[in-house]
2 protein chains.
Amino acid sequence: MAKFSIGNNIRKLRFNANEMTQQELAEKVGVTRQTIVAIEKGKYSPSLELAFGIALAFNVPLEEVFYVENNPP
Amino acid sequence: MAKFSIGNNIRKLRFNANEMTQQELAEKVGVTRQTIVAIEKGKYSPSLELAFGIALAFNVPLEEVFYVENNPP
DNA sequence: CTGAAATGTAAAATATACTTGACATGAAGA
DNA sequence: TCTTCATGTCAAGTATATTTTACATTTCAG
């Protein structure tokens, strides 16, 4: 079901956002810190809901946080 | 974990895209028709991967397909 | 040096997305 | 009328995301 992989800029965004910590982000979006770590490190990709939640937490559009890596032709 | 709900324009996009059928969309993105039906009708929201897959199938940005309904303050 | 804060990791349990197979309906065309 | 196509739905199973608990490491202030 997956013809591409998904990358993210969470780490950069956290540091741009006043050095926000993983814990703080987790609380802000309502998940556990481990979930943030796993996603930030690319262990798996989040649900669409959580993806929107993270984008809202940073006040940026979703595609500024997550992006497709191998755009298939 | 969910402070908002997610809406989508799949149906509109399918009709704009040459009356694309649910079956066709499903094959194009590599899931079953039932999955498309469920998402189109809002029974649940897709994974981020599938969300990107659908956006790619229509050649539009993800946020043109899916959107947040209750932007929290 | 010591302790607290931030990060990374892992195993087991639960929740949710997705599949498979099957059936029902309405619309459209032969 | 009979058949086909597109759509909607349901139940049971598999896969993946998320939680919980727990521990290790590094960095930095005191």
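Note on naming: letters A, B, ... go to the chains in the order of the sequence lines (proteins, then strands), and numbering restarts at 1 for each one. Predicted, not measured: the structure shown is a model, and the values here were computed from it.
Along DNA chain D, the nucleotide nearest to A:G30 and the one nearest to B:Q34 differ in position, and the one closer to the 5' end is contacted by B:Q34.
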Which pairs of donor and acceptor atoms, one on a side chain in residues 46-67 of chain A, lie under 3.5 Å apart (sequence neighbours left out)?
from: A:S47; atom 1: OG; to: A:L50; atom 2: N; distance (Å): 3.1
from: A:E63; atom 1: OE2; to: B:L62; atom 2: N; distance (Å): 2.7

Quick one: side chains of residues 21-28 of chain A, donor-acceptor pairs under 3.5 Å with protein atoms, not counting sequence neighbours, listed by atom name and distance.
from: A:Q23; atom 1: NE2; to: A:E27; atom 2: OE2; distance (Å): 3.1
from: A:E24; atom 1: OE1; to: A:T21; atom 2: N; distance (Å): 2.9

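The footprint of chain B on DNA chain D, defined by a heavy-atom cutoff below 4.0 Å, extends from D:dA6 to D:dC10. Bounding nucleotides for the chain A contact on DNA chain C, 5' to 3', at a heavy-atom distance below 4.0 Å, are C:dA6 to C:dA10.
Expressed to the nearest 0.5 Å, how far NZ of A:K41 lies from CG of A:N8 amounts to 11.5 Å. Atoms CD1 and OH, on B:I6 and B:Y44 in that order, are 14.0 Å from each other to the nearest 0.5 Å.
Residues of residues 35-54 of chain B having a heavy atom closer than 4.0 Å to DNA chain C, listed by number: B:T35, B:I39, B:Y44, B:S45, B:P46, B:S47, B:L50. Residues of residues 58-65 of chain A having a heavy atom closer than 4.0 Å to DNA chain C: none are found. Contacts between residues 11-23 of chain B and DNA chain C, defined by a heavy-atom separation below 4.0 Å, involve no residue at all.
For the helix from C:dC1-D:dG30 to C:dA30-D:dT1, the terminal axes (five pairs an end, C1' atoms, rotation from four pairs onto the next four) enclose an angle of 30°, given to 10 degrees.
Residues satisfying the salt bridge (Lys or Arg N to Asp or Glu O under 4.0 Å) test with B:R11, not counting sequence neighbours, are B:E40.
In terms of hydrophobic clustering, with Ile, Leu, Val, Met, Phe, Trp and Tyr side chains grouped at heavy-atom distances under 4.5 Å, A:M20 and A:I36 are assigned to a common cluster.
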